[in-house]
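Input: a single structure, listed below in structure tokens.
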Amino acid sequence: MTIPSIAAGISVAASLISLAAVPADAASRVTPDRVKWELCRDAAADWNRNDSRSECALIPVPVDYAKPAGRKINIAVSRVKATGKRTGALFGNPGGPGLAGTPSPYGLLSSQLAPMNKELDFIGIDTRGTGYSAQISCDTPEFQEQEGESEREAFERQAEAKRTCIAKDRELALSISMENASRDMDHIRQVLGFRKLNFYGNSGGSALGAVYRSMFDSRVDRMWLDSIMSPVGQNAAITAEVAQYHAGYRRFFEWLAGKDSTYHFGNSPKKVESALKTLQAKVGRDKFATFLDPNLEAIPDRWERSAAKLLELQDEGTGKVVPQQKDRKRKSFGLGEMGRNYGFTHDAFMCNASADGRTYSDLVRMRKERQAKYPFSADFNDQSITYCAGWPAGKPWDLKPGKSQLQLSGHKFEIVTPYVWAKMMHKKIGGSLLTVTDATHSTMKSKELACGSKVVDFFRDGTPAKGSCPGFPAEQTGPPGPAGDLAGTVKLPNCSASLVRPRTARDEDKALLLTNGHCHPEGRPKPGEVITGQGAPIEGSVLSPAGRELGPVTGRVLYATMTGTDITLAQLDSTYADIRQKYKIEAFPLASAGPVAGQKIKVASSLLESVWSCQAEAVIPTLKEGDYTSSQAIRYAKECTTQPGSSGSAVVDAATGELVAVNSTSNRDGKQCELNNPCEIDETGTTVRQGRGYATQTAAIAACVGAGNTIDLTRQECTLPKP
């Protein structure tokens, strides 16, 4: 077992902390034990150095609460003390399950819940197995097939890896459960001297809240759970999830039937379903599922996008081989991975509460049953079941209703914790259920969510939230509506890009890829830096006109800078002829002149699968963003409401289709000359235009392209910034 040390260690007077479990009837008469707190940034080498409020401590708890005098482990706790007269505490958990909770209190100071810190201490806990608490140092492989490996062999390899990891500390591994995390939290409540606690949990944290309330209802004041996990085991949870998605698919099929003159899949839902089953058989279940992404298809204004992709796929003919995804991504119930042990700890929490998926025959049987009932479900929905390969059978959570005040909130169209799980949990444990009509995950505490104020109302006066409230607009939670023509664009991991072709280029020349300087694969260049030569490798996916990923392109960066301009230019390993033959895609011609004020343009984002049509409103002499400046930038008209993720998008002349600029940045918050908040500078002074987007002109690139489609900065006519 490895217990991570927090820098030189968090100072805790262990002898002054009660190690014995406190009887249930003592909840109303607890007195705080003495805990020596220390600033987390002083105690933890990797803590946020700007955090001057979070204090940390280690509190020992029994590994096995049935043996309170037995082995102890340390649980890391953080707090941000109330700024006014303290009336209690708000405990929280960020989810996963398996994410560290000690950073959460400081994070809440930037959330909707921040005003509550006047009267409540904010408390965060690294549940056992996570963060700075006791954990097992064990990295488990992601579930992905190795070359030449059968599905069964992959399953057995995963099972053996789990058994090996558990064997490192079997007692701790099998103790990582929501029940023990609840006991730990209640013990910490007692040690800190709180008669009751308030609790805010999202995603995986909603399971901790539900289990704690079921075990210690009398010790809960008020509890809010957002983006709710399923109250039932893995297989039952996935089956309920797939059933919800299929309901959305049926609505989509009805819509397609009404659009038969456009999409030609049939004039009845039954005919549409039959046609799509044929198409599914052609490309495979997993690939086809990407065209029926429930996060998109549950929202009608996005149906045209999928319909266009399906039509494009059907028109390619049965001989077309559609490239498959290179690997399968782990689907977690949380906000993202944190720390090397997240995967193992997540699986421990889930598998210790479930008996599903222990054998390969279990996996095959459950998959066949689900596919028979829900024919459009993808095989990768079974991934979470395989997490428990090789794990001893667990015990489901014993969830029950309680008398303490409970509020649930579910997001109608999200896919991480599907809305159907919120309804199932509501039926199981009671409380009030608020339906947020958006596709976001765990956002009730966000300052930007208007109805997030209901959270503070609930904790302050117990006001329940029922019915529904509007969430984030669709364009902020995913691609907004029809994609438009995305041919020639390339999707990068975190940016958009495009294939570009100077007029002097030949078919046999290796193709050029263009994106922003701040999209450089190794990070943004420094102010004043110009990167040249055969540099960092870069890889992206070529998109079809409707936005399907046709396949990969790879290459190396030739040039990148954020000085005077904001571009990264790479030479690909494939020629223009190769790309045309393989993907039937042409590159954007590079224009020799930039756009002028009033010129109609289109901004095509591959990452967001969106196209904005608008005008170039003005040419800005100097655009300043932090320590970076660019010259002759283009400001868009108001209708070009580009979103984060559109960096590097192609800006094309609406009339000629030539690429005239590359989308660069926008002023999001109205701040002056800061990163993500550029300002305009001219002879009249400095101007801030909140919400407006900008692009970098690209006319200078063509003059710097020499023989073989490479960058030649020595050319007399080349005006790009030089090293």
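Keep in mind that what you see is a predicted model, and the values were worked out from it rather than measured.
- Here the OH atom belonging to Y559 is positioned 9.0 Å from the OG1 atom belonging to T532, to the nearest 0.5 angstrom.
- What you find for V542 and I585 is that their closest heavy atoms are CG1-CG1, 4.0 Å.
- Under the side chain to side chain contact (heavy atoms under 4.5 Å, CB included) test applied with S496, the options S606, S647, C519 reduce to a single match, S606.
- Classified by interplanar angle (parallel below 30°, tilted 30° to 60°, perpendicular above 60°), the ring pair F376/Y249 is perpendicular.
- The two residues P525 and G517 make their nearest non-hydrogen contact at CD-O, 3.2 Å.
- Annotation: side chain of L512 is not in contact with side chain of R501 (no heavy-atom distance under 4.5 Å).
- With hydrogens and angles disregarded, a donor-acceptor distance shorter than 3.5 Å links the side chain of N516 to the backbone of N663.
- Salt-bridge annotation for R250 and E273: present, with a side-chain N of the basic residue lying under 4.0 Å from a carboxylate O of the acidic one.
- Taking both residues in full, the closest heavy atoms of R548 and L313 are given as NH1-CD1, 3.4 Å, listed atom of the first, atom of the second, then distance.
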Point to revise | Worked check of side-chain contact (heavy atoms from CB on, under 4.5 Å) between E658 and R503 | key: CA-CA 11 Å; E658 291 182 315; R503 293 180 179 177; 3.3 Å; yes
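- Ion pairing between E151 and R367 holds under the 4.0 Å rule for side-chain N and carboxylate O.
- Side-chain atoms of T565 do not come within 3.5 Å of backbone N or O of T561 as any donor-acceptor pair.
- Panel note: side chain Q615, backbone Y636; no donor-acceptor pair is recorded below 3.5 Å.
- For CG of D573, the number of neighbouring non-hydrogen atoms (other residues, nucleotides, ligands) closer than 6.0 Å is greater than 12.
- You'll find the side chain of L572 reaches within 4.5 Å of the side chain of L499, heavy atoms only.
- Ion pairing between a basic and an acidic side chain is recognised when a charged N comes within 4.0 Å of a carboxylate O; K309 and E609 show such pairing.
- More than 12 heavy-atom neighbours from other residues, nucleotides or ligands sit within 6.0 angstrom of CD on E508.
- With hydrogens and angles disregarded, no donor-acceptor distance shorter than 3.5 Å links the side chain of E549 to the backbone of L543.
- For F252 and Y245, the distance between ring centers is not under 6.0 angstrom.
- With contacts defined as side-chain heavy-atom distances shorter than 4.5 Å, the pair R285/Q371 qualifies.
- Distance check, rounded to the nearest 0.5 Å: NZ of K602 to SG of C614 gives 11.0 Å.
- Side chains of V662 and I567 form a contact here, defined as non-hydrogen atoms less than 4.5 Å apart.
- Ion pairing between a basic and an acidic side chain is recognised when a charged N comes within 4.0 Å of a carboxylate O; K162 and D347 show such pairing.
- Between R365 and E369 there is a salt bridge, with a side-chain nitrogen of the basic residue lying less than 4.0 Å from a carboxylate oxygen of the acidic one.
- Under a cutoff of 6.0 Å and an axis angle of 45°, R506 and Y576 do not form a cation-pi pair.
- Counting heavy atoms from C-beta outward, K600 and S613 have side chains that stay 4.5 Å or more apart.
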